[in-house]
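Heads up: the structure comes next, in structure tokens.
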Protein chains: 2
Amino acid sequence: MSRRDDSKIETRELILVAAQSMFWEKGADRCTIRDIAVEAGVSPATIIVHFKNKTALLEASLHEDIEKAFSKAQATMPVEDGLHAVLVHMVSSMFSFYDRNRELYRILIRDTFYEPDHENPTMMKMLEEKLQLIAIMIEQEKSKGTVRNDAESSLAASSFFFLYIGVLGDLLRDPELSVTAATGRFSVILDQHLTGILTLGAGS
Amino acid sequence: MSRRDDSKIETRELILVAAQSMFWEKGADRCTIRDIAVEAGVSPATIIVHFKNKTALLEASLHEDIEKAFSKAQATMPVEDGLHAVLVHMVSSMFSFYDRNRELYRILIRDTFYEPDHENPTMMKMLEEKLQLIAIMIEQEKSKGTVRNDAESSLAASSFFFLYIGVLGDLLRDPELSVTAATGRFSVILDQHLTGILTLGAGS
DNA sequence: TTTTTTTAATAAACACGTTTACTCAGAAAA
DNA sequence: TTTTCTGAGTAAACGTGTTTATTAAAAAAA
């Protein structure tokens, strides 16, 4: 590692630290690249050299903590209590995590989620990874016999994710909605999804 | 109606027509308010006077057609074929509609969906309306006896919507994904949701 | 009719993300 | 060591959404 590379990494870290604290305190929309540049002691253009655009900087600022929160939730999964309990636990944990700064995570998702072909890949990459994990869990439930064998597990994982992101959206948009209420909402929705809402024998 | 009000409406219409054709042809991101202003023969500031911001203009440009597409789909619902067929029909119709300009509708959703407290209300208002409709349909299925009475229908409607918007997101983000494939994906997901993915007796 | 008030429309300016053209210190080559 | 090359960092400029201050014409009041 040359001296030049060292200082490059250092600069990147300087920017990242400044961005993290400023995004967190003022909100992503209310804090400009110029603000962060001043705080980090670099020029605005330098930030773009290191992070391509503001959204990429936001992703870089937040994704590590999200990853950690997920791992922590995963480590405390009530594996004995069945699929429903496990999934509600994961969702509830993440809801609590995002609740610490709803506004900020709302903007992260807004600026990340509907980009095409994953132009800002960090966040979407992470999601796909997690999705894979869920699919594996469902596959394991199949071998336990609790999930029907004909249920395609990657689609079931997608469904789970769509329901999760849906309720999460409600949570991030609506300041009136408590984490508890959102978790309850998700719990019911998941239950409907697992057991079906049709009367027996009415399946399509 | 005074002469001033008349000309105001006329100006608004001028802007709307220009916006519709330019958004459609160049895409929302690649066409500026200044472009539209020139096309409409007004100043950029006038557009903001009439529409508050670019997103509001985009909403106003598109919402009527979306409404029409939905009504058309609703009018051709295969009501005899059961809930699954009806819902897949609605979703399939809307997918085909959005397929005419995926890029444009992707941006509409991106700029609309994660706004807080419904700052740009047009699109979200519409969604809530449609959600209400779905909830009523599910309620009717209950009285027919095809849906379980203990399934909360507003949450069931939300679920449906989350699954729909999830697959729609896939469609709008991924140019490789065909309408047929997306519809198929949704059909399976909906089936899972209606009948449940758990083995019988394994319900929570 | 004359005066006052309202407001649709606008030009100019502003804010902010991003691009461009350039510099100069450090690495590589001679 | 001297020269050449590379690329991290930047100042200045640009593009574009939005705000501000102003105007003038229509409506209301006198």
Side-chain angles (χ1 to χ4, degrees), chain A residues 1-19 22-23 25-62 104 107-108 110-112 114-115 119-120 122, chain B residues 1-19 22-23 25-62 104 107-108 110-112 114-115 119-120 122:
Chain A
M1 186 79 72
S2 65
R3 196 178 337 167
R4 191 145 70 172
D5 288 345
D6 278 346
S7 99
K8 186 177 179 183
I9 289 173
E10 202 176 295
T11 303
R12 194 192 141 94
E13 201 55 34
L14 236 44
I15 294 168
L16 216 41
V17 168
M22 296 209 67
F23 278 147
E25 281 156 29
K26 300 179 58 177
D29 279 351
R30 266 173 308 290
C31 120
T32 70
I33 288 192
R34 283 170 176 81
D35 290 339
I36 296 169
V38 169
E39 181 83 2
V42 299
S43 95
T46 304
I47 292 183
I48 300 294
V49 167
H50 280 264
F51 292 97
K52 176 186 163 203
N53 59 36
K54 193 181 176 183
T55 299
L57 177 59
L58 185 62
E59 281 190 322
S61 301
L62 297 178
L104 187 58
I107 284 163
L108 175 70
R110 183 194 68 191
D111 294 346
T112 290
Y114 279 97
E115 283 316 298
E119 197 164 314
N120 284 83
T122 319
Chain B
M1 187 78 74
S2 66
R3 190 174 348 159
R4 192 145 69 175
D5 289 345
D6 278 347
S7 99
K8 186 178 179 183
I9 290 172
E10 202 176 295
T11 303
R12 192 191 143 93
E13 201 57 32
L14 235 46
I15 295 168
L16 216 43
V17 167
M22 296 208 68
F23 279 147
E25 281 155 30
K26 300 179 57 176
D29 279 351
R30 265 172 310 289
C31 118
T32 71
I33 287 194
R34 282 170 177 79
D35 290 339
I36 296 169
V38 169
E39 181 84 1
V42 299
S43 96
T46 304
I47 292 182
I48 299 293
V49 166
H50 281 263
F51 290 97
K52 173 185 165 210
N53 58 36
K54 194 180 176 184
T55 299
L57 177 60
L58 184 64
E59 281 190 322
S61 301
L62 297 178
L104 187 57
I107 285 164
L108 175 69
R110 183 193 68 189
D111 294 348
T112 289
Y114 279 97
E115 283 315 300
E119 198 162 314
N120 284 81
T122 320

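Predicted, not measured: the structure shown is a model, and the values here were computed from it. Chain naming here is simple, since letters A, B, ... match the order of the sequence lines and numbering starts at 1 in each.
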N/O-N/O pairs, protein side and nucleotides 18-22 of chain C side, under 3.5 Å:
unit_1	atom_1	unit_2	atom_2	d
C/dT18	OP2	A/K54	N	2.8

*May I ask you to evaluate whether A/T11 reaches the phosphate of D/dG9, defined as a side-chain N or O under 4.0 Å from OP1 or OP2?*
yes
*If every non-hydrogen atom of B/E59 is compared with every non-hydrogen atom of B/T122, which pair is closest and at what distance?*
OE1-OG1, 3.2 Å
*asked:* Between B/K26 and B/D35 (salt bridge meaning N to carboxylate O under 4.0 Å), is one present in this structure?
replied: yes
_Heavy-atom pair with the smallest gap, counting every atom of A/S61 and A/A19_ = OG-CB, 3.6 Å
*Those residues that, when tested against A/A45, pass side-chain contact (heavy atoms from CB on, under 4.5 Å) (two or more places apart)*: A/S43
Any N/O pairs under 3.5 Å between the protein and nucleotides 22-25 of chain D? List them or say none.
none

*Using a 4.0 Å heavy-atom cut-off across all strands, classify B/T32 as base, sugar-phosphate, or nothing.*
sugar-phosphate
_Can you tell me how far apart CG (A/D29) and CD1 (A/I107) are? Round to the nearest 0.5 Å._
3.5 Å
_Closest approach of B/N53 to B/I48 (non-hydrogen atoms, all atoms of both residues)_ = CA-CD1, 4.1 Å
*asked:* Distance check needed: C/dA27 C1' versus A/K8 NZ, whole Å only.
replied: 15 Å
*Look at A/S43 and D/dG9 and indicate whether a side-chain polar atom (N or O) is within less than 4.0 Å of OP1 or OP2.*
no
*Between A/F51 and A/L16, what is the shortest heavy-atom contact and its length?*
CZ-CD1, 3.7 Å
*Nearest to the side chain of B/S7 - C/dA8, D/dG9, D/dT10?*
C/dA8
_Point-to-point distance, once rounded to the nearest 0.5 Å, from CG of B/L57 to NE2 of B/H50_ = 11.0 Å
